[in-house]
Amino acid sequence: MKALLLLLCFLLATISHASAQYLGNLSNNPYAPNSLGNPYGAGNPYNPNSVTNPYGQYGNPYSPHSATNPYATQASRLYDQDGNYRGRLSTNPYDPDSISNPYGKYGNPYSPDSIRNPYGAGNPYSSSSANNPYGQGLGVYGDDD
């Protein structure tokens with residue numbers, strides 16, 4: 001019974017993860033082509049799907065999908081290399097899943113699931129950490145709707 005429930009949860013997570021558009025990796029690595037920190041790669045401000053494009057749906061400060069909209073409700077989702085959900089890439093301090101919410105699970109610097117915790121998910125020595133300048137970072141996925 002537990003195996004069936006675990007399989008069902010995995011399939012639901014895979015289906016919701018598969019319907020999202022890959023936008024790049026939240027990473028400080030300026031040389032990785034998929035890094036949002038690379039202005040010539042995924043962080044190109046002229047790319048229509050980049051979170052650094054102020055005129056695109058993922059970077060526009062008025063879009064509900066934007067990482068820079070402080071009231072965004074449908075911001076891009078973050079996943080580590082193992083497929084673990086790490087919150088939403090959002091500046092909304094009131095969204096419970098936002099990495100900018102200091103009281104939420106993903107923005108609190110004391111939460112083990114927060115990328116702001118240097119001893120948890122934000123460990124600068126982890127290859128899936130956004131804080132590692134040589135790592136892959138976290139995958140950023142936006143909704144297609």
Side-chain angles (χ1 to χ4, degrees), residues 5-61 63-145:
L5 183 61
L6 185 62
L7 179 64
L8 180 63
C9 291
F10 176 74
L11 288 175
L12 288 174
T14 305
I15 290 169
S16 67
H17 190 35
S19 67
Q21 180 176 1
Y22 175 70
L23 302 176
N25 290 340
L26 181 63
S27 169
N28 287 338
N29 189 340
Y31 304 109
N34 292 333
S35 173
L36 294 176
N38 182 348
Y40 304 106
N44 186 337
Y46 300 107
N47 179 349
N49 290 326
S50 176
V51 298
T52 60
N53 182 346
Y55 304 106
Q57 72 172 341
Y58 300 109
N60 186 329
S63 169
H65 301 283
S66 176
T68 60
N69 181 352
Y71 305 106
T73 55
Q74 301 166 350
S76 303
R77 295 182 308 276
L78 299 170
Y79 292 93
D80 65 12
Q81 292 173 350
D82 298 327
N84 298 319
Y85 178 68
R86 295 295 178 199
R88 291 195 177 266
L89 181 61
S90 171
T91 56
N92 185 345
Y94 304 108
D95 182 2
D97 284 353
S98 173
I99 61 170
S100 296
N101 182 345
Y103 305 108
K105 180 178 182 180
Y106 303 106
N108 187 330
Y110 301 107
S111 170
D113 296 321
S114 173
I115 66 169
R116 300 196 186 281
N117 182 349
Y119 302 106
N123 184 342
Y125 301 107
S126 171
S127 63
S128 66
S129 173
N131 301 323
N132 183 345
Y134 305 107
Q136 179 180 352
L138 299 169
V140 180
Y141 294 89
D143 294 329
D144 288 334
D145 55 356

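In this structure, Lys105 and Ser111 have side chains that are in contact, with non-hydrogen atoms separated by less than 4.5 Å. Counting only heavy atoms from C-beta outward, the side chains of Thr91 and Asn69 never approach each other to under 4.5 Å. Contact annotation: the side chain of Leu26 approaches that of Ile115 to within less than 4.5 Å [non-hydrogen atoms, C-beta and beyond]. Contact check for Asn44 versus Ser50: no side-chain heavy atoms found under the 4.5 Å cut-off.
In this structure, Tyr141 and Tyr22 have tilted ring planes: the angle between them lies in the 30° to 60° band.
Closest heavy-atom contact between Pro133 and Pro30: O-CD, 4.3 Å. Residues Pro93 and Asn101 approach most closely at O-CG, 3.2 Å, considering heavy atoms. Annotation for Ser66 and Ala75: closest pair O-CB, 4.0 Å, computed over non-hydrogen atoms. Of all heavy-atom pairs spanning Asn131 and Gly122, the tightest one is ND2-O, 2.9 Å. Residues Pro54 and Pro61 share a closest heavy-atom pair of O-CD, 3.8 Å. Considering all non-hydrogen atoms of both residues, Asn34 and Ala42 come closest at O-CB, 3.4 Å.
In this structure, OH in Tyr46 is found 9.5 Å from OH in Tyr55, a value given to the nearest 0.5 Å. Here the OG1-CG distance, from Thr73 to Asp97, works out to 12.0 Å after rounding to the nearest 0.5 Å. A distance of 8.5 Å separates CD of Gln74 from OG of Ser63, quoted to the nearest 0.5 Å. The CZ atom of Arg88 lies 12.0 Å from the CD1 atom of Ile99; values are rounded to the nearest 0.5 Å. Separation of atoms OG (Ser129) and CD (Gln81) is listed at 10.0 Å; rounding is to 0.5 Å. The structure places OG1 of Thr52 at 13.5 Å from OH of Tyr58, a figure rounded to the nearest 0.5 Å.
A donor-acceptor pair is defined here as one N or O able to donate and one able to accept, closer than 3.5 Å; such a pair exists between the side chain of Ser98 and the backbone of Asn92. Checked by atom type and distance alone, the side chain of Ser27 never pairs as donor or acceptor with a backbone atom of Ser35 at under 3.5 Å.
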Q. For Asp143 and Arg77, what are the C-alpha separation, side-chain angles and deciding distance, and is it a side-chain contact (heavy atoms from CB on, under 4.5 Å)?
A. CA-CA 8 Å; Asp143 294 329; Arg77 295 182 308 276; 2.5 Å; yes
Q | Check against side-chain contact (heavy atoms from CB on, under 4.5 Å), Leu78 and Val140 | A | CA-CA 5 Å; Leu78 299 170; Val140 180; 3.5 Å; yes
Q: Could you walk me through whether Asn53 and Asn47 pass side-chain contact (heavy atoms from CB on, under 4.5 Å), step by step?
A: CA-CA 7 Å; Asn53 182 346; Asn47 179 349; 5.8 Å; no
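Other residues, nucleotides and ligands place no more than 12 heavy atoms under 6.0 Å from the OH atom of Tyr31.
With sequence neighbours excluded, the residues that form a salt bridge (charged side-chain N to carboxylate O under 4.0 Å, His left out) with Arg86 are Asp80, Asp113.
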